[in-house]
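Report on one structure; see the data block that follows.
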Amino acid sequence: MKQKRISFGQGKGSLTHNNREFVADNVDPLRTSQNITFVRQPIGEAYEQLFAESTERYNARQKRNDRMIHGSYYEHLFGVKPSNTVRTAADKRKSFYEDVVQIGKMEDSGYGTEDFQLVADCLKEYMEGLQNRNPNFYVFNAVLHMDEATPHLHIDYIPIGHYKRGQDTQNGIAQALKEMGYGEGKQAIARWRAAEVEVLNAICLEHGIKPLAPEKARGTLEVEEYKEQRRQADELAEQNAQVKAKLGEKREMLKAVKEKTAKLAEIDSIETGKTVFGGKVTVSQEDWQNVTDLARKEVASQKQTKKLRKERDEAVRERDELKAKLSAVSSKLASYKQAEEQKGIFTREDELSRKLKKAEAFISACGLSTDYQQYKYNSTTRKNVLE
């Protein structure tokens with residue numbers, strides 16, 4: 001039975017990429033027509049369908065205008081018009097979530113391999129039952145990409161939670177997971193993914209594929225960056241395995257040398273007898289041959305032991321260096337992910353700086369006084385100027 005690694009993790013959430021409104025360098029446009037779109041609904045329309053009625057019910061209960069939701073529920077949460085990229089609200093809620101699912105790697109399941117269509121069929125079967133299994137995850141966009149190196153799914157969904165306080169139906173992933181039976185806390189989403197992987201495993205087994213443990217997702221790394229890091233990590237892991245094997249061989253050889261050395265103790269069992277010439281002893285021809293043979297072996301053994309210890313020490317040193325390199329690669333991967341997470345913060349800061357510069361230019365053009373320019377740095381006035 002064929003063995004393949006399962007990859008199931010969080011995606012970046014770019015609908016323009018998923019729907020090929022933007023074509024990246026790793027996409028083969030000649031194969032784009034082979035992609036399978038399971039569902040494609042504008043996110044604004046999906047929000048209206050899911051939350052408009054509950055928003056109306058909520059507003060109907062309010063006696064104060066400032067407590068009512070004005071405009072769409074999406075704009076109320078995220079402060080912008082519906083967007084094709086993930087938006088994060090002040091309370092950390094995301095406009096939608098994405099999971100990327102893949103079976104196998106480019107080497108064993110990529111375009112041009114005999115299993116390319118096989119893994120695509122497994123992913124298609126998995127996707128067709130996803131919505132029924134997860135009633136609280138509304139899938140508004142799902143695509144099976146066949147125009148990249150390896151077939152994979154992009155699944156975009158909005159979590160739906162039901163509440164007794166506030167708006168009765170809201171975007172809420174924690175409540176959605178709880179209602180679907182995955183409990184509470186940070187591990188709820190991990191339990192959900194584990195359950196979905198089991199479904200995918202069963203499908204793979206039915207198609208003659210033995211699934212291996214899921215591989216960690218690449219997070220927000222760019223494809224080429226991820227491939228390079230993966231290549232380095234795989235290469236270091238292979239070198240580490242070779243060094244371990246070599247170290248094991250040296251240990252076995254040292255063990256054999258020790259066993260040979262132990263035979264020298266047999267010399268003590270040789271019977272000797274004194275001659276008439278004093279302290280000299282006599283031994284049989286056979287015993288004498290054994291003594292000389294053991295002596296020669298001891299000399300060779302000592303040399304071999306010294307050599308093996310030196311090689312063992314060298315192997316240990318190489319192993320430690322590889323461990324350090326592997327740790328550095330893992331650290332670099334973590335740094336990439338942290339840098340990507342910070343991009344959103346830097347982007348907002350750049351936008352604020354741009355608006356401040358625009359405001360300064362306007363004040364300067366109007367010939368306002370220095371005192372007034374200083375006044376604009378007051379936190380409340382800055383907001384007024386920017387608006």
Side-chain angles (χ1 to χ4, degrees), residues 10-22 37-100 127 130-131 134-143 153-180 188-189 192 220 340-352 354-355 383 386-387:
Q10 184 177 340
K12 295 178 69 173
S14 174
L15 299 178
T16 54
H17 166 77
N18 298 349
N19 297 326
R20 293 302 184 246
E21 296 172 17
F22 164 77
T37 300
F38 298 93
V39 57
R40 180 176 179 180
Q41 181 182 20
I43 189 169
E45 181 182 304
Y47 264 77
E48 189 71 14
Q49 175 184 325
L50 295 172
F51 305 111
E53 292 182 2
S54 63
T55 300
E56 290 179 6
R57 290 193 296 270
Y58 173 79
N59 284 339
R61 297 196 306 269
Q62 305 308 310
K63 297 180 179 180
R64 290 172 47 179
N65 184 62
D66 61 336
R67 291 185 176 178
M68 297 178 67
I69 295 176
H70 299 284
S72 70
Y73 178 68
Y74 185 101
E75 293 175 9
H76 169 71
L77 285 182
F78 306 107
V80 294
K81 296 288 184 182
S83 171
N84 282 335
T85 56
V86 175
R87 297 289 181 172
T88 305
D91 59 2
K92 305 302 181 183
R93 277 188 281 192
K94 294 183 178 181
S95 55
F96 67 93
Y97 295 78
E98 178 177 280
D99 279 285
V100 181
M127 183 62 219
L130 180 74
Q131 186 65 86
N134 302 281
N136 291 73
F137 284 174
Y138 180 78
V139 180
F140 69 96
N141 205 95
V143 183
L153 280 169
H154 287 268
I155 307 167
D156 301 290
Y157 55 91
I158 302 166
I160 306 167
H162 301 91
Y163 302 83
K164 294 181 179 179
R165 298 181 61 183
Q167 189 166 326
D168 55 31
T169 306
Q170 301 181 39
N171 170 330
I173 191 165
Q175 184 65 16
L177 288 165
K178 182 180 178 181
E179 291 178 20
M180 290 192 297
I189 189 68
W192 171 76
T220 56
E340 289 291 332
E341 290 171 357
Q342 291 294 323
K343 278 186 178 180
I345 298 174
F346 295 151
T347 302
R348 289 194 293 273
E349 290 180 350
D350 292 344
E351 180 67 12
L352 179 59
R354 185 184 64 77
K355 289 184 177 180
K383 181 180 179 182
L386 290 176
E387 291 176 350

Qualifying salt bridge (Lys or Arg N to Asp or Glu O under 4.0 Å) pairs with a residue from residues 156-170, counting only residues at least two apart or across chains: Arg57-Asp168

Using the side chain to side chain contact (heavy atoms under 4.5 Å, CB included) rule, take His162 and Asn136 through it: C-alpha gap first, then chi angles, then the decisive distance, then the call. CA-CA 9 Å; His162 301 91; Asn136 291 73; 4.1 Å; yes

Stepwise side chain to side chain contact (heavy atoms under 4.5 Å, CB included) check, Gln131 with Val39: CA-CA 11 Å; Gln131 186 65 86; Val39 57; over 6 Å; no

OH (Tyr157) and CG (Leu130) are apart, to the nearest 0.5 Å, by 9.0 Å

Nearest heavy atoms of Tyr163 and Gly172, plus distance in Å: OH-CA, 3.5 Å

When rounded to the nearest 0.5 angstrom, what is the spacing between NE2 in His154 and CG in Asn19? 10.0 Å

Could you go through Phe140 and Leu15, starting from their C-alpha distance and side-chain angles, then the distance that decides it, and tell me whether this counts as side chain to side chain contact (heavy atoms under 4.5 Å, CB included)? CA-CA 10 Å; Phe140 69 96; Leu15 299 178; 3.7 Å; yes

Side-chain donor-acceptor pair under 3.5 Å between Glu48 and Ser72, yes or no? no

Between atom CG of Leu177 and atom CZ of Phe137, what is the distance when rounded to the nearest 0.5 Å? 4.0 Å

Gap between atom CE of Met68 and atom OH of Tyr58 - 0.5 Å precision: 9.5 Å

Does the side chain of Glu45 pick up a donor-acceptor pair with the side chain of Gln49 at under 3.5 Å? no

Could you please spell out the steps behind the side-chain hydrogen bond (donor to acceptor under 3.5 Å, both in side chains) verdict for Ser54 and Gln170? CA-CA 8 Å; Ser54 63; Gln170 301 181 39; over 6 Å; no

Calculate, to the nearest 0.5 Å, the distance between atoms CD1 and CD belonging to Ile69 and Glu56 respectively. 11.0 Å

d(Arg87 CZ, Ile43 CD1) to nearest 0.5 Å is 10.5 Å

Does a donor on one side chain sit under 3.5 Å from an acceptor on the other, for Tyr73 and Asn171? no

